[in-house]
Amino acid sequence: MALKRVLVVGGGSAGWITAAYLDAVLNGKTAKAVDITVIESPDIGRIGVGEATVPSVRDTMASIGADERTFMKAADATFKQAIKFVNWLDGAGEHYYHPFDRRQKGRLDRSGLRWMTSDRSTPFAHTVSAQPWLADDGRSAKPKGAQDYQSPLSYAYHMDAEKTAGFLCDLAVGRGVKHVLDLVVDVEMAPHGDIAAVKTKSGERLEADLFIDCTGFRALLIEGALKAGYEDYSDYLMCDRAVAMRVPYDAHWPGARKAYTTATALSSGWCWDIGLASRRGVGYVYSSRFIDDDAAEAELRAFEGPHSDDIAARTLKFRTGRRIQPWTRNCVAIGLSSGFIEPLESTGLFLVELSAATLAEYFPFGGEMQPLADRFNAIIDQRYEEILDFVVLHYCITRRTDTAFWREVSKPNRIPDRLASWLETWKLKSPSHSDFHDSLQLFSHHTYEYVLYGMDHGRERIANIDPARLPATPVPRDVQGAVAQGRRVLPSHDDWLRAELGEAYAPPA
């Protein structure tokens, strides 16, 4: 029997990215192949964090058919072209960048080895990418007048998650996606074990052939009804709380909207700082084993400054891990119902995008699901495992010993076996192309190098070399040329936003 009806349960970023993407890709502008409905409760608020993205979001928005400037204005969006990590190495004020753009050197890229055997007077990322230089300059990610989603440099966005969901809701509904505002109160099961329908507070009964669970941590369908199981990551990722604030620019103007995310290590976790059009999003991701909620909020306010004293803060609890079978029977979990890796490296919305795109690729038009579900589950599981390793890397190679949290996260038992094996290998060689060969991977040997060398990991390999004999760190000509070109054609971040998106982006008076 052909599959025709899709019901997305839950809105928010996950629900509306999924609905808009599936509608655009499966239905297009002609006859509808699939009927898509989104049901969300008017009484359950969207979480609204996860405001930083990775470059894949541009392909997602382009596939949905969103005009870039219209989307950015609706989502209060700005550009992101790197993450700046502060105080992760030893807590002494040091920093390094993880940029999105890199000058390619071919398969046998010796950039890491050359940097390790130099005096390291120039940070590693500055020797392989123009973006750290341009981020330091406060440059935009795009020239003025550039086409949608196009730039000489790779980039992503900072965007208000709630406003993004609202924008995609309006776009999808305008194209024929049905929108039901009601609360799901019960899940009706079919005799053979599939989900038959959901029942709502108002008394409606909504049937579908395929249900997509975007109910967040509640996991109403995938766990509440189907008991799909969960693999817990808390042995490796110790942070389980976040306290967040929205700091309007009329309360504090930092001087410019930065085109990068800042992640600053604090006593029991780290703080994000994301500059949107009208405000900053700041938050402290921490472990409740080492600091309580009140103390964490106090530490965040002390770090942010006295202008935050009267700004409301919201505490969020989360459990890191992944659903063992995110596609179980006729239900697919996407977003927080599928799993959660803490916000470091901004992978939350990426996993939503990937799940939506993979579901579209493996969509069960003919009605038979299990072989497609098996492949979908394998792909999503691999991405969670990959992201787990990369996020843990940031913690396990720290030299910080100033608090109990930092002493604990670097212990060997906090490192997944796969990552531990790679770290042993990288004692003998630099990360390289053949280490990672999955075509769908998010993080490559390049991104591992940014973290490893940004935190000066492996310096013991050259400990017996007299520092005076090490050559000065070279900045290759192609990087120098890209920096010079960027400085010629890229305006400041604020200037681009104001010129291209309007006076709403003007710096506050």
Side-chain angles (χ1 to χ4, degrees), residues 5-42 44-48 50-80 142 147-150 155-182 208 210 212 214-216 276-278 332 334-335 348-361 363 497 500-502 504-505:
R5 301 166 299 172
V6 174
L7 180 64
V8 180
V9 180
S13 301
W16 286 110
I17 287 173
T18 301
Y21 188 91
L22 292 179
D23 179 62
V25 172
L26 301 182
N27 289 328
K29 297 179 181 179
T30 57
K32 299 293 184 183
V34 180
D35 293 324
I36 300 172
T37 299
V38 178
I39 179 170
E40 62 177 334
S41 169
I44 299 177
R46 297 163 179 164
I47 288 182
E51 294 169 329
T53 59
V54 298
S56 62
V57 71
R58 288 160 40 223
D59 289 335
T60 298
M61 289 297 177
S63 296
I64 289 172
D67 175 84
E68 184 176 31
R69 288 163 177 79
T70 302
F71 149 65
M72 289 185 71
K73 286 189 282 188
D76 207 30
T78 59
F79 289 128
K80 173 188 173 184
K142 295 182 66 159
Q147 294 182 355
D148 280 5
Y149 308 110
Q150 300 299 311
Y155 66 92
Y157 307 103
H158 299 138
M159 61 194 197
D160 185 304
E162 294 179 42
K163 292 181 178 179
T164 299
F167 168 77
L168 292 174
C169 170
D170 292 343
L171 187 69
V173 170
R175 295 173 176 176
V177 171
K178 301 179 183 68
H179 185 200
V180 177
L181 285 171
D182 207 342
L210 182 68
I212 302 178
C214 295
T215 62
L276 302 178
S278 62
V332 182
I334 295 180
L349 289 180
F350 163 77
L351 287 165
V352 172
E353 299 169 51
L354 175 70
S355 296
T358 307
L359 178 57
E361 186 175 356
F363 195 81
L497 294 169
E500 299 284 331
L501 303 182
Y505 281 77

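For the numbers below, each heavy atom of this structure counts, side chains included, while hydrogens, waters and symmetry mates do not.
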Flag side-chain contact, heavy atom, 4.5 Å: [X] against [Y]:
X    : Y    : value
D76  : F167 : no
T164 : Y157 : no
R175 : N27  : no
T18  : V332 : no
M61  : L168 : yes
I17  : L349 : yes

Which heavy atom of [X] sits nearest to which heavy atom of [Y], and what is that distance?
X    : Y    : value
A360 : L26  : O-CD2, 3.9 Å
V38  : G10  : CG1-O, 3.9 Å
A165 : S13  : CB-N, 3.8 Å
V54  : A156 : C-CB, 3.4 Å
D23  : I36  : N-CD1, 3.5 Å
E51  : L276 : OE2-CD1, 4.0 Å

task: Please lay out, stage by stage, how L171 and F71 fare under the test side-chain contact (heavy atoms from CB on, under 4.5 Å).
output: CA-CA 10 Å; L171 187 69; F71 149 65; over 6 Å; no
Measuring from atom [atom1] of [X] to atom [atom2] of [Y], what distance do you get when rounded to the nearest 0.5 angstrom?
X    : Y    : atom1 : atom2 : answer
T78  : M72  : OG1   : CE    : 6.5 Å
S41  : L181 : OG    : CG    : 8.5 Å
L359 : L354 : CG    : CG    : 11.0 Å
T53  : H158 : OG1   : NE2   : 7.5 Å
K178 : D35  : NZ    : CG    : 4.5 Å

task: Decide yes or no on side-chain contact (heavy atoms from CB on, under 4.5 Å) for F350 and T60, but give the supporting numbers first.
output: CA-CA 9 Å; F350 163 77; T60 298; over 6 Å; no
field: Y21/E353 under side-chain contact (heavy atoms from CB on, under 4.5 Å): CA gap, chis, key distance, verdict
entry: CA-CA 8 Å; Y21 188 91; E353 299 169 51; over 6 Å; no
query: Among Y155, Y149, Y505, which one satisfies ring-ring contact (aromatic ring centres under 6.0 Å, His included) with F79?
result: Y155
field: Name of the residue among K142, Q150, Q147 meeting side chain to side chain donor-acceptor pair (under 3.5 Å) with E68
entry: K142
- request: Please assess V8 against L22 for the test side-chain contact (heavy atoms from CB on, under 4.5 Å), listing each intermediate value before the final yes or no.
  value: CA-CA 11 Å; V8 180; L22 292 179; 5.6 Å; no
Derivation and outcome, salt bridge (Lys or Arg N to Asp or Glu O under 4.0 Å), residues D148 and R69: CA-CA 8 Å; D148 280 5; R69 288 163 177 79; 3.2 Å; yes
